[in-house]
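Heads up, the thing below is written out as structure tokens.
Computed over heavy atoms, backbone and side chain alike; hydrogens, waters and symmetry mates excluded.
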Amino acid sequence: MAGQGMGNRQNGWRPTRRLLLGAAVVGGAVLWGGNTVARLMRSPASVKDAGRIPDVDGHTLALKPLDNVPPHNAGLTWLTKGGTVNDASGLSRTPVYGMVEVGSEKDVAEALSFARANGLKVSMAAVRHSMGGHAFDDNALVLDMRKFNAVAVDAAARTMTVQPGATWHDIQNILHPRFAVKAMQSTDIFSVGGSLSVNAHGMDHQAGSVAGSIRSLRVMLADGSVLNCSASENTDLFRHVVGGYGLFGVVLEATLDIVDNAVYRTTREIIKSEEFPRFFEEVLEPNREIGLFYGHLSTAPGNFLEDMIVYRYGKVAEQPPGDQPPIGEPGAVGVKRLIMNLAKWGGPFQELKWFTEKTLEPRFESCTVTRTAAMGEGEACLVTRNNPMHDSVPYLFNDLVGETDILHEYFVPRAAYNAYVAEVRTILRNQPLPVLNASVRVVHKEDIALNYAPAPAFSLVLYINQPTTDDGNIQMRQLTRALIDATIRHGGRFFLPYQLHYTGTQLLASYPELPFFLARKRSYDPDELFSSTFYRALKALSPNATES
């Protein structure tokens, strides 16, 4: 018996060295995979701060520190004294004199008076989503406008009067459920002041840009005086403040049109990119009941910029039912962030992202208006205008170090769209940076001084990932210049709120009115009180700015 027991023990199962090694590899892979997924899904722990792009077309951006730093006025509310600020790119780290919290018109006046008395430059900032030092400058006094954010609604006049620090997200919560914003970006994270400064546009292809929704502005000029301006009053100032990047004065309040929070039936279909101009002309433009639209291009290698998902929102009722719930926040944020970050790893993950957009997103669409309230719309998915415009895109922000995601936008005449997209496709396929998103917008002819759309246009919006290294900056600069050259060849212009990678030749080819714009700036602000890194870049690349 003893011998038999010994035999059983000798013949029992024992893990081999190879099996142990395999188990260790599998366990490590599972652990690595779990940690990697968790990292890709994680929300940002802090704002990215990855240094500073050093120059614009060879002109150094950094300034020397002040020789004599004036003492900080105790009467102002200082958020920082000295220190640095950055923007959404993480690549514009800039040393400033300090940042003052603004909560009233009196705060603005006192800050400007202090700056004038001490020879300081002034910049205005809120959420800082421009990407080229547009909201601050070296050694500048920065006005943080985020607490200057009151909103008053006049239902009878169908307007709202807002202070510049108010965000569209908060405004929508105030307007809902009766009213909605007429014109804003396709996401709601921006401030009103920032949107006015770039003349933003978004999903409403009929309303056009923010400029078309402005009844009037109150603006404090560099000398402390306050003027009203609009399309019919002080029109020259109005045309320079809107789309003027904060260089002509501080917007104290804006009175803007609001519209009904209409009920829309959502539809989506996949077309070829080359079919879009015809689709716009035959379907979108003549149908006044389509209240919102956007086109989303594939970034998957198999059909890169070839297939397009067209999202349409057709009006079925002027107002939602009385029991409309509050506007919902974005869902499945972690999963969306994971898919977006995986797409940075190349082809298969880009295909996965496109598959989810085509196939899975419709199944999880949030239909916020009950079908029974929609007058015979059957099984349609119904939303109010506020719902698709209430996207704060938290899934675009991540906790990944050593990289950042950069926006581009280019405007081309509508007749040039197909040839232009074909050239852009070739450029993007032959460069190393991952293209995460590509979408198409509709813009109208604008009437502002620094004009991105002197004629009706389609815009191409790109979201591109890059390493925050010198090589990454070089790659992004090369790509940006190639895209701008293509845009100019097709009679278009590039949008200015983004990184300062263009040349002087490209800038003046896109914006031949720039010298006159800069001359008018000095006419309204002779001491150049209002400044920014972006403003200094414009001056460096436009040396012949004279009155005309």
Donor-acceptor contact below 3.5 Å, side chain N199 vs main chain A211: yes
Closest heavy-atom pair, S123 versus S532, reported as atoms and distance to 0.1 Å, is OG-CA, 4.2 Å
Is it the case that more than 12 heavy atoms not belonging to R337 sit under 6.0 Å from its CZ atom? yes
Whether the side chain of D188 engages the backbone of W168 through a donor-acceptor N/O pair (distance < 3.5 Å, no angle test) should be reported. no
Do you know which two heavy atoms are closest between L91 and N473, and how far apart they sit? CD1-OD1, 3.5 Å
Return yes if some donor-acceptor pair links the side-chain N/O of D57 with the main-chain N/O of G504 below 3.5 Å, else return no. yes
Single hit among Y313, F276, F280 for ring-ring contact (aromatic ring centres under 6.0 Å, His included) with F293: F276
Salt bridge or not between D138 and R536? Use side-chain N to carboxylate O under 4.0 Å. yes
Does F516 form a side chain to side chain contact (heavy atoms under 4.5 Å, CB included) with L518? I'd like the steps, not just the answer. CA-CA 5 Å; F516 182 69; L518 294 175; over 6 Å; no
If you take all heavy atoms of A343 and Q350, which pair is closest and at what distance? O-NE2, 3.4 Å
Evaluate whether atom NZ of K539 has more than 12 neighbouring non-hydrogen atoms of other residues, nucleotides or ligands under 6.0 angstrom away. yes
Can you tell me if Q431 uses its side chain to pair, donor with acceptor, with the backbone of L428 under 3.5 Å? yes
Do any N or O atoms from the side chain of R93 and from the backbone of D49 form a donor-acceptor pair under 3.5 angstrom? yes
Just do the side chain to side chain contact (heavy atoms under 4.5 Å, CB included) check on L196 and V210 with the steps written out, would you? CA-CA 7 Å; L196 294 174; V210 171; 3.5 Å; yes
Can a donor-acceptor pair be found, under 3.5 Å and without considering hydrogens, that links the side chain of K121 to the backbone of E528? yes
Under 3.5 Å, which donor-acceptor pairs link side chains of residues 237-245 to any protein atom two or more places apart or in another chain?
residue: R239; atom: NE; partner: D447; partner atom: OD1; Å: 3.1
residue: R239; atom: NH2; partner: I448; partner atom: O; Å: 3.4
residue: H240; atom: ND1; partner: D236; partner atom: O; Å: 2.8

Could you tell me whether the side chains of D471 and T469 share a donor-acceptor contact shorter than 3.5 Å? no
Would you find a donor on one side and an acceptor on the other, under 3.5 Å apart, between the side chain of D170 and the backbone of A166? no
Run Y294 and H296 through side-chain hydrogen bond (donor to acceptor under 3.5 Å, both in side chains) and show every step you take. CA-CA 7 Å; Y294 63 100; H296 185 61; over 6 Å; no
Partner residues of D485 under the salt bridge (charged side-chain N to carboxylate O under 4.0 Å, His left out) criterion, sequence neighbours left out: none
Main chain of L433, side chain of Q466: is a donor-acceptor contact present, judged purely on distance under 3.5 Å? no
Any chance you could lay out the side-chain hydrogen bond (donor to acceptor under 3.5 Å, both in side chains) test for Y417 and S273, step after step, and finish with the verdict? CA-CA 9 Å; Y417 171 85; S273 174; 2.8 Å; yes
Is the positively charged end of R493 above the ring of Y511, judged by distance under 6.0 angstrom from the centroid and angle within 45° of the axis? yes
Of all heavy-atom pairs linking G291 and R385, the shortest is O-NH1, 4.0 Å
Please tell me if the side chains of F136 and D87 come closer than 4.5 Å, counting only heavy atoms from C-beta onward. yes
Looking at E409 and R441, is there a salt bridge between them, counting it only when a charged N and a carboxylate O are closer than 4.0 Å? no
Should the pair D405-K48 be classified as a salt bridge under the 4.0 Å nitrogen-to-oxygen rule? no
Does H444 reach the main-chain N or O of H205 with its side chain, forming a donor-acceptor pair under 3.5 Å? yes
side-chain contact (heavy atoms from CB on, under 4.5 Å), paired with V162, selected from V251, T255, I171: I171
Would you tell me whether E446 and S209 have side-chain atoms, one donor and one acceptor, within less than 3.5 Å of each other? yes
Is the backbone N or O of L247 less than 3.5 Å from a side-chain atom of K521, with the two atoms forming a donor-acceptor pair by type? yes
Using a strict threshold of under 4.0 Å (side-chain N to carboxylate O), is an ion pair present between R429 and E306? yes
Please find out if less than 6.0 Å separates the ring center of F411 from that of Y420. no
Evaluate the criterion side chain to side chain contact (heavy atoms under 4.5 Å, CB included) for residue pair L507 and L496; output intermediate values, then yes/no. CA-CA 9 Å; L507 178 63; L496 291 170; 3.9 Å; yes
Does the distance from a Lys or Arg side-chain N to an Asp or Glu carboxylate O, for R215 and D257, drop under 4.0 Å? yes
With distance as the sole criterion, is a donor-acceptor pair present between the side chains of K272 and N418 under 3.5 Å? no
Indicate the atoms forming the closest heavy-atom contact of P515 with S542, along with that distance. CG-OG, 3.6 Å
So which atom in S510 and which in G492 form the shortest heavy-atom distance, rounded to 0.1 Å? OG-O, 4.2 Å
